[in-house]
Amino acid sequence: NGKPVILKADGIVEVVYATTITETLNASISHQTAAAGRDVDIVFDPNNLNHFVAVYTEDANNYRGKIVAGRISGTSLVFGATTFINGNNRSWSKSIDFDPSGSGKFVVAWQNGTSGNYLQAMVGTHSALSLSFGSVTTLYSGSVENINVAFNPALSGTFLICFENHNEGKRKAATYSISGTTISADSEADFSPNDQMGEYMDIAMDISSGKCGVVHSSPTSSYILRLSTVTISASNVASVNNSGIISSNYAYSYVSIASNPRVSGEWIIGFQDTNYYPRARKASASTGDIGLGTQNVLTSSANGGQMTVKFLHTGTSRCVMLYENDANSSFRTFIKFNYSNLTVISTDITSYKASAHLAFACDPLFIGDRFILIWKDSINSNKVAITMAQYGSVETNLTTTNFVGTSTAAYTNGQTATVMLQGGVSTNQSSLAIGSNYFVQPDGTLATTAGNPSVEAGKAVSATTLLLKGI
């Protein structure tokens, strides 16, 4: 009754509120394999809060690939049934991504280690903790490696796969479309120049432009690290261009790239220099190919092995790197840093110890910064381990643009509410200082000083009446 109200993107109004999130960086671990495993990947369902799907290889089962759906519940994990993705065949170099259109569809691709190392994939459908699948499709009948899948947010049902084509000694970019659970090939193109076959590669699609950033090692060019731009027009590869050398001071090792989930045309790149120090470098594109920006050593007090980098989903543009900290007995370490100037905000060493294989994802729907991690656990017989982690924070649903007015009465969830809109007069306030300007606070209260974000509510004309500021 009288509380500030926001308008959500789905047309529902909601009271302004704040949530305190407790930091959890060492939650309990769920081991998915009874013996050793490897080749891991994990992704959140972008339309289903707390839900994720993980893939990995289980050594004890003839190196067959497995897939499982899971859900975060508090700081624990709940899993559905585990399924083999490729029958009795060996599966390597797996990659998985969801179609962001809301269909519940995802694609998992892999190298068939039993049948000529062919590139194969299938469409899956996710519902709660259940998974169903279409038929396995062979996308390339030749030896492949370093497979990376990314859906194109700009065009529903289309995705890109970048991979190494050992038959031709080239890297390739290929687009595909899904209809139901059927995969159809659209187009493909070679990377240029063609000296870029190497052990390490990662890709990230922009949220709206149809551009994909690809970082890849180039061992035939003195182990430099390159950035390429794959541009997709409609469902076809329009071009694959060499955007530049990310670093010639590059340890021939793991690389990572992520796109900003909220700002089009921004990427962050993670890699290791010749001292094996973790570095980050910015990349951006408004038109044309992706260009390289500034770079920075995130820490020179610890070198590392495998690493991966992501954008965080809250606050101003911030990023996080998770890497294998060899200076601290290979325990996984989070480095939170600013995207704008690449300065480090915090460094947190976990109790998780990994052996090369690592993936993690940020929950796009959680109000704070929450992750799901999967790795080869060298403390526990190299079993595949999965856990959650989250940074502590106080998060609000208030932004600089979503405040619309105040509630005219008390309402409960699901009711039709009457809201006094901006520019109107709210008469159900209390204890206001006449003549003072009031601001909406992150927790939904009103105060005479601005909160964060700064949102002006209006001017008090009596102790119970607020003249709401117009739009």
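The structure displayed is predicted, hence computed values, not measured ones.
Among residues two or more places apart in sequence or in another chain, the ring pair (Phe, Tyr, Trp, His ring centres under 6.0 Å) test is passed with Phe159 by Phe151, Tyr176. Evaluation of the side chain to side chain donor-acceptor pair (under 3.5 Å) rule for Gln32 yields Ser30 as partners, not counting sequence neighbours. Among residues two or more places apart in sequence or in another chain, the side chain to side chain donor-acceptor pair (under 3.5 Å) test is passed with Lys94 by Thr57. By the side chain to side chain contact (heavy atoms under 4.5 Å, CB included) test, Ser340 is found to be paired with Asn338, residues two or more places apart in sequence or in another chain being considered. Under the side chain to side chain donor-acceptor pair (under 3.5 Å) criterion, Tyr339 pairs with no residue, sequence neighbours left out. Residues that satisfy the side chain to side chain donor-acceptor pair (under 3.5 Å) test with Ser407, not counting sequence neighbours, are absent from this structure. In this structure Phe403 satisfies the ring pair (Phe, Tyr, Trp, His ring centres under 6.0 Å) test with no other residue, sequence neighbours excluded. Judged as a side chain to side chain contact (heavy atoms under 4.5 Å, CB included), and not counting sequence neighbours, the contacts of Pro153 are Pro100, Met205. For the ring pair (Phe, Tyr, Trp, His ring centres under 6.0 Å) test, no residue two or more places apart in sequence or in another chain qualifies with Phe337. The ring pair (Phe, Tyr, Trp, His ring centres under 6.0 Å) search around Tyr438 returns none, not counting sequence neighbours.
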So Asn296 and Arg281, side-chain hydrogen bond (donor to acceptor under 3.5 Å, both in side chains) or not? Walk me through it.
CA-CA 7 Å; Asn296 188 38; Arg281 186 162 190 180; over 6 Å; no
CA sep, side-chain torsions, deciding dist, call: Val384, Val40, side-chain contact (heavy atoms from CB on, under 4.5 Å):
CA-CA 8 Å; Val384 171; Val40 300; 4.2 Å; yes
Worked verdict on Ser208 versus Ser264 for side-chain hydrogen bond (donor to acceptor under 3.5 Å, both in side chains)
CA-CA 6 Å; Ser208 62; Ser264 179; 3.0 Å; yes
side-chain contact (heavy atoms from CB on, under 4.5 Å) between Ile72 and Arg370, intermediate numbers included
CA-CA 10 Å; Ile72 298 175; Arg370 173 181 280 177; 3.5 Å; yes
Show, in sequence, the C-alpha distance, side-chain angles and deciding distance for Asp186 and Ser177, and conclude whether the side-chain hydrogen bond (donor to acceptor under 3.5 Å, both in side chains) test is met.
CA-CA 7 Å; Asp186 292 322; Ser177 300; 2.6 Å; yes
Could you walk me through whether Leu131 and Ile67 satisfy the side-chain contact (heavy atoms from CB on, under 4.5 Å) test, starting with their C-alpha distance in whole Å, then the side-chain angles of each, then the deciding distance to 0.1 Å, before giving a yes or no?
CA-CA 9 Å; Leu131 300 174; Ile67 188 166; 4.0 Å; yes
Would you please test Asn26 and Ser351 for side-chain hydrogen bond (donor to acceptor under 3.5 Å, both in side chains) and show each step?
CA-CA 6 Å; Asn26 285 289; Ser351 60; 2.8 Å; yes
Run Phe371 and Phe334 through ring pair (Phe, Tyr, Trp, His ring centres under 6.0 Å) and show every step you take.
CA-CA 11 Å; Phe371 325 110; Phe334 286 103; 5.5 Å; yes
Val55 vs Lys66, test: side-chain contact (heavy atoms from CB on, under 4.5 Å). Steps then yes/no.
CA-CA 6 Å; Val55 292; Lys66 280 191 166 184; over 6 Å; no
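When atom types are taken as modelled, the side chain of Asn48 and the backbone of Asp45 share no donor-acceptor pair closer than 3.5 angstrom. Here the side chain of Tyr250 pairs a donor or acceptor atom with the backbone of Ser253 at under 3.5 angstrom. At least one donor-acceptor pair closer than 3.5 Å links the side chain of Thr387 to the backbone N or O of Ser28. Formation of a donor-acceptor pair under 3.5 Å by the Thr396 side chain with backbone atoms of Pro442 is found in this model. Put simply, the side chain of Glu266 never gets that close to the backbone of Val263: no donor and acceptor are under 3.5 Å apart. Between the side chain of Thr181 and the backbone N or O of Val123, no donor-acceptor pair lies under 3.5 Å. A donor-acceptor pair is defined here as one N or O able to donate and one able to accept, closer than 3.5 Å; such a pair exists between the side chain of Gln429 and the backbone of Gly2. Here the side chain of Ser247 pairs no donor or acceptor atom with the backbone of Leu225 at under 3.5 angstrom. Of the possible polar contacts, none joining the Gln272 side chain to the Met307 backbone as a donor-acceptor pair under 3.5 Å is found. Remark: the backbone N or O of Thr465 is paired with a side-chain donor or acceptor of Ser462 at under 3.5 angstrom.
Considering every non-hydrogen atom in both Gly70 and Phe79, the closest pair reads CA-CD2, 4.1 Å. Looking at every heavy atom in both residues, Ile203 comes nearest to Ala150 through CD1-CB, 3.7 Å. Here the closest heavy-atom approach between residue Ala410 and residue Asn1 is recorded as N-CB, 3.8 Å. Taking all atoms of both residues into account, the shortest heavy-atom contact from Lys211 to Ala285 is CD-CB, 4.2 Å. When all heavy atoms of Gly213 and Trp267 are compared, the closest pair comes out as N-NE1, 3.7 Å. Minimum interatomic distance between Val68 and Gly80 (heavy atoms only, all atoms of both residues): CG2-O, 3.6 Å.
Taking the six-membered ring where tryptophan is involved, the planes of Phe98 and Phe106 are tilted, since the angle between them lies from 30° to 60°. Using cut-offs of 30° and 60° on the angle between ring planes, the pair His51 and His126 is tilted.
In this structure the side chain of Asn325 reaches within 4.5 angstrom of the side chain of Ile349, judged on heavy atoms. Inter-residue side-chain proximity for Ile269 and Val309 is flagged as unmet; no heavy-atom pair is nearer than 4.5 Å. The closest side-chain heavy-atom distance from Leu421 to Leu468 is not below 4.5 Å. Between Ile161 and Ile147 there is a side-chain heavy-atom pair separated by less than 4.5 Å. Thr347 is not listed as a side-chain neighbour of Thr299, based on a closest heavy-atom distance of 4.5 Å or more. Residues Met388 and Leu373 form no side-chain contact, since every pair of their non-hydrogen atoms from C-beta on lies 4.5 Å or further apart. Counting only heavy atoms from C-beta outward, the side chains of Asn146 and Phe163 never approach each other to under 4.5 Å. Contact of the Ile96 side chain with the Val107 side chain is not registered, since no non-hydrogen atoms from C-beta on lie closer than 4.5 Å.
For Tyr323 and Tyr254, the gap between ring centers reaches or exceeds 6.0 Å. With ring centers used as reference points, His216 lies under 6.0 Å from Phe191.
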Sequence neighbours excluded and cut-off under 3.5 Å, please list the side-chain donor-acceptor pairs for residues 4-23, or say none.
| from | atom 1 | to | atom 2 | distance (Å) |
| --- | --- | --- | --- | --- |
| Asp10 | OD1 | Ile12 | N | 3.1 |
| Glu14 | OE1 | Asn397 | ND2 | 2.9 |
| Glu23 | OE1 | Gly392 | N | 3.0 |

Using a 3.5 Å cut-off and no angle test, enumerate the donor-acceptor pairs between side-chain atoms of residues 231-239 and protein atoms at least two apart in sequence or in another chain.
none

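At a cut-off of 3.5 Å, with distance as the only test, no side-chain donor of Asp348 or Thr350 sits close to an acceptor on the other residue.
Between Lys376 and Asp39, no side-chain nitrogen of the basic residue sits less than 4.0 Å from a carboxylate oxygen of the acidic one, so the salt-bridge criterion is not met.
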